[in-house]
Amino acid sequence: GDSVTQMEGPVTLSEEAFLTINCTYTATGYPSLFWYVQYPGEGLQLLLKATKADDKGSNKGFEATYRKETTSFHLEKGSVQVSDSAVYFCALRGNSGNTPLVFGKGTRLSVIA
Amino acid sequence: EAGVAQSPRYKIIEKRQSVAFWCNPISGHATLYWYQQILGQGPKLLIQFQNNGVVDDSQLPKDRFSAERLKGVDSTLKIQPAKLEDSAVYLCASSSQGGGTEAFFGQGTRLTVV
């Protein structure tokens, strides 16, 4: 079945550091890919998405490019802030029928001033 | 636009007791999901509804978990009897149809079974 693998955490960075969280997937066909973020005490929020190969999703300074050849969707941000501290989840959704989101295990990011 | 509403936010019960969670999805969203998120893990799908019909309940422990979505709007997830390993956050989400569309999540119900 479909699956998502993302880098193990926790990740601790200093403010203004560069962030990369790796995500690779296994799926049949051409799924849509998502990054969700979960801030402390809150629910999951969509951060960005890409629905076809070579699409780049971006939001709040975060970016991720849908790479079909490497089945990857790595999350990047050039300069992290303390407010970016959260758990980040990579997810996919198949495009055939009404399929649910399949999530990775999540990566906890802590940004220190 | 109102988001996905869930209640209660927190619940503590003893093992072997029963518990129910309620979810009201975003208006007009035909698809509703219940996910279980155990501490340190990603959300795992329990059940998916399309309107008031079940699309996927393959990972729902049917000997103790049940869910319904009457009239294709609100949904209730029940656990009876609860076990210690059911301690988790239960997330409700909804989406409109289409593979590329995202799901919108409620804040979740944190269940602690003691």
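Other residues, nucleotides and ligands place no more than 12 heavy atoms under 6.0 Å from the CD atom of A:Glu16. Around the NZ atom of B:Lys71, the shell of radius 6.0 Å holds no more than 12 heavy atoms that belong to other residues, nucleotides or ligands.
Note that the CD atom of B:Glu102 and the CG atom of A:Leu48 stand 11.0 Å from one another [nearest 0.5 Å].
At distances below 3.5 Å, not a single donor-acceptor pair connects side-chain atoms of A:Tyr36 with backbone N or O atoms of B:Phe105.
With a threshold of 4.5 angstrom between heavy atoms, A:Leu46 approaches chain B through side-chain atoms but not through N, CA, C or O. Proximity to chain A (any heavy atom under 4.5 Å) is restricted, for B:Gln41, to the backbone atoms N, CA, C and O. Contacts of A:Gln45 with chain B are absent, with no heavy-atom separation under 4.5 Å from either backbone or side chain. Neither the backbone nor the side chain of B:Arg110 has a heavy atom closer than 4.5 Å to any heavy atom of chain A.
Of all the heavy atoms in B:Gln48 and A:Pro100, the pair that sits closest is OE1-CD, 3.4 Å. Residues A:Arg93 and B:Thr101 come closest through the heavy atom pair NH1-O, 2.5 Å.
Cluster annotation: B:Leu111 and B:Leu91 are assigned to distinct hydrophobic clusters (Ile/Leu/Val/Met/Phe/Trp/Tyr, side-chain heavy-atom contacts under 4.5 Å, transitive). Under the 4.5 Å side-chain contact rule for hydrophobic residues, B:Val4 and B:Val55 do not share a cluster. By the rule that hydrophobic residues join a cluster once side-chain heavy atoms approach within less than 4.5 Å of another member, A:Leu101 and B:Leu46 end up as members of separate clusters. B:Val19 and B:Leu84 fall within a single hydrophobic cluster, where Ile, Leu, Val, Met, Phe, Trp and Tyr side chains are chained together by heavy-atom contacts under 4.5 Å. Placement of B:Leu45 and A:Phe34 within a single hydrophobic cluster is found when ILVMFWY residues are connected by side-chain heavy-atom separations under 4.5 Å, directly or transitively.
In this structure A:Phe18 satisfies the side chain to side chain contact (heavy atoms under 4.5 Å, CB included) test together with A:Thr20, A:Glu76, sequence neighbours excluded.
For the set A:Arg108, A:Lys52, A:Gln38, A:Glu42, the count of heavy-atom pairs under 4.5 angstrom toward chain B peaks at A:Gln38.
For residues 32-39 of chain B, heavy-atom neighbours of chain A at less than 4.5 Å comprise B:Tyr33, B:Tyr35, B:Gln37, sorted by residue number.
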